[in-house]
Amino acid sequence: MFFLQSLLSGILTGGVYALAGIGMSLVFGVMNISNFAHGDLMMLGMYMAYFAFTLLHIDPYLSLVLIIPTAFLFGFVLEKVFIHRIISHPHQNQILLTIGLGLIMSNSALLGFTSDPKILTTSYSSSAVHIAGGISLSVPLLLSFVITCGITGVLFLFLSKTTTGLALWATSQNREAAQLMGINVAKMSALAFGLGTALAATAGALIAPTYYIHPMAGHTFLLKAFTICVLGGLGSVVGAGVGGVIIGVVESMSSTYLSSDWKDVVVFIIFLMVLLFRPQGLFGKKGEQ
Amino acid sequence: MKKVFVSIAAAALAAMPLLANAAPVKIGFINSITGKEAQIGENLTNGAAMAIEDLKAKGVQVELIKEDDGGDPKNALAAYEKLVTRDGVIGVVGPYTSGSANVVASRADQYQVPLLVPAAAKEEITMKGYKNVFRLNAPANVYSSVLLKAVAAFKPKTIAYVYAATDFGVSTVKTAQENALKMGLKEVANEKYQQGQPDYRPSLAKVKAANPDLVFLVSYDADAILLMRQAKEIGLTPKAFLGAGAGYTTAQFAQQTEISNLVISATQWTDDVNWPGAASFAVRYKAKYAKEPSYHAACAYEAVRIMGETGSKALTAAKLRAGLKAGSWNGIMGPVKFADYSGFTNQNNHPMLVEQVLSGKYETVFPAQFGKKKLVYPFTR
Amino acid sequence: MKQVTIIAIIAGIAAVLPLVTGESPYFIGVMISVLMMAALSSAWNILGGYAGQYSFGHAAYFGAGAYTTLIMISTFNFNPLGGMVAGIIVACIIALVTGSIVFRLRGHYFGLASIAVAEIVRLSALNFEFTGGAQGILLSDVSLWGVDLNSKLPFYYGMLLVLVVSLGITLYMRSSKTGFYLQAIREDQDAAASLGINLSFYKNKALLISAALTSVLGSLYAVYIRFIDTSAVLDLRLSIEIILTAIIGGVGTLWGPAVGAVLLVPLAEVLRSNVIGEALVKHGIVSEKSGLGIFFKDNLAHAHVLVYGIITVLCILYLPKGILGLFRRTK
């Protein structure tokens with residue numbers, strides 16, 4: 001009985017993780033950058049959903065219509081102004097720049113919104129659907145999962161069927177070759193970062209009704225997102241999706257059968273195992289560094 | 001000439017008491033203004049500010065020198081040393097967190113400046129025999145003993161613990177386990193969780209499967225709400241939810257009426273307790289800061305008031321220490337007397353209160369002499 | 001002037017400083033924080049700046065030293081020096097395990113893996129009873145051969161000593177075979193390997209030295225404050241602060257980390273105690289009642305991490321070689 005409940009619960013939570021991971025994977029693939037500000041971008045999405053709900057009275061899931069383009073624009077600008085300049089710098093400097101940007105974002109939020117955790121309570125925040133076997137599924141998590149599947153599907157179509165999308169995908173496979181083929185890789189970078197930001201913000205908005213909103217709330221998800229990317233294969237959208245669900249389930253199962261204390265350690269150990277034994281992840285290509 | 005001389009002398013004599021009161025007494029205040037505890041820290045800051053104003057209205061001039069420790073014991077130590085050696089304070093109120101309070105307390109006797117801890121819970125802070133360390137609030141073991149006493153009449157048999165992996169969580173549950181043993185309660189589940197997780201359902205499912213009569217919770221603000229939401233979702237319905245202070249006593253928690261109703265919590269103070277000035281303090285606080293005060297605000301208020309009043313008469317650190325040791329007060333935290341008992345030194349034997357969320361409001365339900373409403377048991381949705 | 005002479009002079013000045021400034025505990029306390037961060041960053045620099053291996057999890061060694069020392073003192077009645085030695089051993093074991101995992105990885109993976117290892121150490125310390133769990137370890141009394149450990153001076157000189165040793169080792173390494181090999185590894189690992197340099201051996205050597213020094217600092221910190229918990233000694237934020245200090249000062253230079261510490265630590269303290277805000281008001285530059293005045297009063301103190309973030313971004317964009325990088329043409 002525990003098993004099924006744990007599994008389903010993990011899959012649903014994993015869906016949100018997946019969205020965060022996909023955004024990060026896209027940035028990794030196209031720009032070869034570890035974005036340590038990813039968690040803070042999620043946090044911004046959470047706050048956007050919160051303000052849309054309390055000031056404009058829009059349901060968090062509906063407010064995605066506003067959040068996605070706004071976040072995309074923010075990420076696009078961020079890339080053009082800051083990230084672009086360090087695209088050929090050593091890895092560690094890139095990491096440190098994104099760390100710095102992340103610190104600015106989270107501490108500005110702290111100054112602006114104070115550290116009071118904000119709670120977004122919708123009418124269905126604690127509702128559950130009860131199915132056979134005494135298993136309950138959280139309504140907001142179910143909705144998030146459905147929306148995540150939808151967005152992932154749309155993204156996949158974009159990447160495989162549209163010209164821009166194909167150009168993006170090509171750049172993530174091999175930046176130099178894409179450039180030689182005449183693709184404007186600078187524009188692709190901005191596009192990728194914008195998309196990555198929009199996905200992160202969406203993940204934040206989706207989890208907002210079941211979590212709490214706080215300037216430091218993004219940090220919990222940052223390391224999880226990295227693990228998911230590595231597990232799925234850096235640059236693989238499908239990989240990150242699958243990786244997210246796997247991590248969600250692993251966490252849930254560890255919590256149930258081991259103990260809640262050690263579940264993060266299990267995730268980190270998996271992370272290290274993947275790095276050591278299959279660094280290309282589940283769906284990445286071998287030899288990609 | 002003689003007349004002028006006499007009038008000057010008379011004026012000087014008349015001015016003497018004014019001169020004596022002219023220099024305000026300096027008291028230090030160490031608080032978590034930034035950092036993880038900033039939200040609670042805000043309550044302490046506001047409570048202290050109100051105390052200074054009230055003292056001023058009574059003619060007692062106190063200069064409160066505020067320092068931020070950000071919840072970091074290293075900073076608390078630096079703050080204490082700055083206050084004591086450079087700012088010339090004769091007493092210090094604070095810090096808020098137990099870790100910081102422990103570190104500062106260990107230096108108080110070295111610098112010989114009295115420290116009054118307003119709200120830190122760990123027992124050991126006043127169990128080391130430090131002569132210069134005083135504590136106003138009840139220590140951690142009282143949180144659980146008062147909660148268990150409140151429900152003892154209903155003869156519960158089993159208890160489960162769900163608590164944050166923090167200093168406060170772990171130490172409060174340890175003392176709760178001792179108290180539960182004395183009451184003959186059987187422990188059926190023990191779920192320690194890392195804060196900040198989005199999903200507590202696996203832990204709560206394990207608790208539900210153990211079918212406990214009592215669920216004893218220790219969480220901070222946001223986790224408390226998340227836990228209760230997910231508890232409702234999976235249908236965890238014990239005979240009582242017992243919250244040990246912190247997240248289960250905030251206004252925000254009570255407002256989540258779908259999940260907070262009938263949750264019982266232990267607190268150092270409520271606004272409807274019949275201690276002198278308690279109710280009006282809450283009203284004035286709300287008018288001034290547009291928020292309900294937490295018990296931390298009341299603790300800080302009373303601590304600063306006691307330090308200020310005693311300090312303005314004592315004028316030196318040594319006399320302040322003597323004044324704190326000997327004195328007794330009766331204010332919004334009820335009767336206060338710093339005494340040595342049961343291994344504690346300079347500890348105020350503060351009676352904690354038990355409140356329950358009824359119709360979206362906190363009502364004091366235990367002990368009987370403070371409570372106006374009756375405790376509702378068992379818990380239902 | 002030879003670098004050794006410079007180190008000696010500056011160490012000499014630092015050694016005399018407390019005696020000259022009248023031993024104000026507050027001032028010495030701030031200086032201890034400066035020396036500690038300077039030493040931590042210099043130790044990190046041996047691996048990060050010279051070998052080019054940026055460890056994002058150095059707090060693990062700091063915490064190893066701190067926890068081992070306090071556990072040895074409180075549970076096994078060791079004296080602080082014995083605890084320190086035990087701490088070095090534990091830190092080196094963690095370093096060897098870490099090295100065997102992360103040194104095979106390149107680029108992003110290396111940094112991320114070092115974080116993962118450090119987090120595993122932190123979570124373990126948080127969950128086990130013998131490390132005090134979430135409650136941490138509080139030390140009541142500690143003594144060492146009659147030296148008064150309630151005074152700050154022993155710790156001031158202790159941190160200073162570790163800093164001098166770090167700088168000395170860095171200086172020695174720069175012109176030794178090990179140093180040349182490490183710099184070759186930093187510039188191009190594959191070329192270095194093709195020349196026959198044993199990558200693993202030299203990287204681990206740098207890591208062990210760095211970890212040992214960091215661990216000693218952790219031990220000193222633990223006995224100085226007498227209270228530790230995972231958020232004080234094992235937090236990711238500490239690891240990042242160490243790196244930022246080195247970067248802003250000038251990574252890969254001898255004095256860069258120390259310069260970074262001398263600038264950033266007092267800045268943080270000044271922001272924390274709101275000295276800037278108060279000074280602006282006192283000198284009438286900003287009126288206390290104005291919007292700006294109130295903003296400064298309420299918020300400047302909280303802004304210390306924000307300032308760090310801004311400095312970091314500006315530094316990476318415009319001064320990637322750090323402050324000392326301005327003064328160097330080639331390194």
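Throughout, a chain's letter reflects where its sequence line sits, starting with A, and its residues are numbered from 1. The structure displayed is predicted, hence computed values, not measured ones.
Residue contact with chain C, scored on non-hydrogen atoms closer than 4.5 Å, involves the backbone and the side chain of L96(A) alike. In this structure, chain C has a heavy atom under 4.5 Å from the side chain of I95(A), while its backbone stays farther away. Within the 4.5 angstrom heavy-atom criterion, no atom of F110(C) approaches chain A. Of the atoms belonging to L223(A), it is side-chain heavy atoms, and not backbone ones, that fall under 4.5 Å from chain C. Both the backbone and the side chain of L101(A) come within contact range of chain C, each with at least one heavy atom under 4.5 Å from a heavy atom of that chain. The part of F28(A) that comes within reach of chain C is its side chain, from C-beta onward, which places non-hydrogen atoms under 4.5 angstrom from that chain. Proximity to chain C (any heavy atom under 4.5 Å) is restricted, for I33(A), to the backbone atoms N, CA, C and O. Using a 4.5 Å cut-off between heavy atoms, I104(A) contacts chain C through both its backbone and its side chain.
The minimum heavy-atom distance between L103(A) and G309(C), with the atom names listed, is CB-CA, 3.9 Å. Considering every non-hydrogen atom in both G100(A) and V313(C), the closest pair reads C-CG2, 3.6 Å.
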Please report the C-alpha distance between F226(A) and I115(C) in whole Å, then the side-chain angles of each, then the deciding distance to 0.1 Å, and finally whether the side-chain contact (heavy atoms from CB on, under 4.5 Å) criterion is met. CA-CA 11 Å; F226(A) 276 121; I115(C) 295 182; over 6 Å; no
side-chain contact (heavy atoms from CB on, under 4.5 Å), that's the test. Do E119(C) and D264(A) meet it? Break it down for me. CA-CA 9 Å; E119(C) 283 289 286; D264(A) 286 330; over 6 Å; no
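The distance from the OG atom of S108(A) to the CD1 atom of I310(C) is 7.0 Å, given to the nearest 0.5 Å. Rounding to the nearest 0.5 Å places CZ of R85(A) at 13.5 Å from CD1 of I316(C).
No side-chain donor-acceptor contact under 3.5 Å links D261(A) to the backbone of N127(C).
Using a 4.5 Å heavy-atom cutoff, the side chains of L234(A) and Y109(C) are in contact.
The choice from I120(C), I311(C), V117(C), T312(C) that makes the most heavy-atom pairs within less than 4.5 Å of chain A is I120(C).
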